[in-house]
Trainee: 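First the structure, which I've put down as structure tokens, then a few questions once you've had a look.
On a predicted model such as this, the values are computed, not experimentally measured, just so you know.
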Amino acid sequence: MIRRAERDDLDAVREIFRSASLANEGDREALLAHPETLEFPEDAVVDGRVRVAVDDGAVVGFASITPSADAWELDDLFVAPAHMRRGFATALVRHLLAEADISAIEVTANPHAMAFYRSVGFVDDGVTQTRFGPAPRMRLSVAGAAAP
């Protein structure tokens with residue numbers, strides 16, 4: 001089940017954010033050197049910009065967005081390490097597509113997640129500079145996306 005996050009979900013979202021971020025060996029050293037990057041802000045939940053994946057009553061993943069005039073920026077897409085590769089991230093993206101009232105969903109993709117983003121329909125859309133170096137920009141057309 002996918003639903004809008006509630007304030008009571010914040011602790012679970014924060015734990016997933018931290019544990020999933022650190023599960024990627026390619027990012028772990030840089031993240032631990034900047035522990036502030038492992039803190040998930042409360043405002044995304046309070047503002048209604050977070051959707052959570054729930055399995056057997058527990059929050060196991062989440063996606064956060066920032067809306068703009070013609071696109072949503074997918075700020076975060078994380079699944080608890082014990083629940084990875086079980087379809088929760090795909091379900092979150094499909095849910096966002098189903099509720100989207102814009103033309104596209106855009107993301108600054110972690111280079112380690114490119115295969116996933118391509119598998120759900122994102123296409124390359126340039127490169128941007130991030131705090132930790134260059135990262136791919138990707139775009140998913142809402143009109144051209146497969147049905148959820």
Trainee: Can we say Arg14 and Glu39 salt-bridge, meaning some charged N sits less than 4.0 Å from an Asp/Glu carboxylate O?
Mentor: no

Trainee: For residues Asp9 and Phe62, determine if any side-chain heavy atom of one lies less than 4.5 Å from a side-chain heavy atom of the other.
Mentor: no

Trainee: Given the rule that I, L, V, M, F, W and Y join up when any side-chain heavy atoms are under 4.5 Å apart, are Met1 and Val93 in one cluster?
Mentor: no

Trainee: To the nearest 0.5 Å, what is the distance between CG on Asp125 and CE on Met138?
Mentor: 9.0 Å

Trainee: Below 4.5 Å, heavy atoms only, C-beta onward: do Arg86 and Asp55 meet side chain to side chain?
Mentor: yes

Trainee: State whether the side chain of Thr128 and the backbone N or O of Ala135 hold a donor-acceptor pair below 3.5 Å, judged by distance alone.
Mentor: no

Trainee: Does Val60 belong to the same Ile/Leu/Val/Met/Phe/Trp/Tyr cluster as Phe17, with side-chain heavy atoms less than 4.5 Å apart forming each link?
Mentor: no

Trainee: Kindly compute the distance separating CD1 (Ile16) from CG (Asp11), expressed to the nearest 0.5 Å.
Mentor: 11.0 Å

Trainee: Side chain to side chain donor-acceptor pair (under 3.5 Å) with Ser21: which residues, sequence neighbours excluded?
Mentor: none

Trainee: For Trp72 and Ala100, which heavy atoms make the closest approach, and how far apart are they?
Mentor: CH2-CA, 3.4 Å

Trainee: Going only through I, L, V, M, F, W and Y residues with side-chain contacts under 4.5 Å, is there a path from Leu92 to Val13?
Mentor: no

Trainee: Would you say Ile102 and Val142 make side-chain contact, with heavy atoms under 4.5 Å?
Mentor: yes

Trainee: Apply salt bridge (charged side-chain N to carboxylate O under 4.0 Å, His left out) to residues Arg94 and Glu99 and explain how you reach the verdict.
Mentor: CA-CA 9 Å; Arg94 296 294 177 225; Glu99 74 174 56; over 6 Å; no

Trainee: Would Leu140 end up clustered with Met114 when hydrophobic side chains under 4.5 Å apart are linked, directly or stepwise?
Mentor: yes

Trainee: Any heavy-atom pair between the side chains of Leu74 and Glu106 that's under 4.5 Å?
Mentor: no

Trainee: Side-chain contact, heavy-atom cut-off 4.5 Å: Phe122 with Ile105?
Mentor: yes

Trainee: I'd like to check Ser64 versus Glu73 (side-chain heavy atoms, cut-off strictly below 4.5 Å). Are they in contact?
Mentor: no

Trainee: Mark yes when over 12 heavy atoms from residues, nucleotides or ligands other than Arg7 sit less than 6.0 Å from its CZ; otherwise mark no.
Mentor: no

Trainee: Taking the side chain as everything from C-beta on, heavy atoms only, tell me whether Phe40 gets closer than 4.5 Å to Leu10.
Mentor: yes

Trainee: Is Val54 close to Arg3 at the side-chain level, that is, under 4.5 Å between some pair of heavy atoms?
Mentor: yes

Trainee: Report whether Leu97 and Leu77 are members of the same hydrophobic cluster (ILVMFWY, side-chain heavy atoms less than 4.5 Å apart, transitive linking).
Mentor: yes

Trainee: What residues form a salt bridge (Lys or Arg N to Asp or Glu O under 4.0 Å) with Asp43, not counting sequence neighbours?
Mentor: Arg49

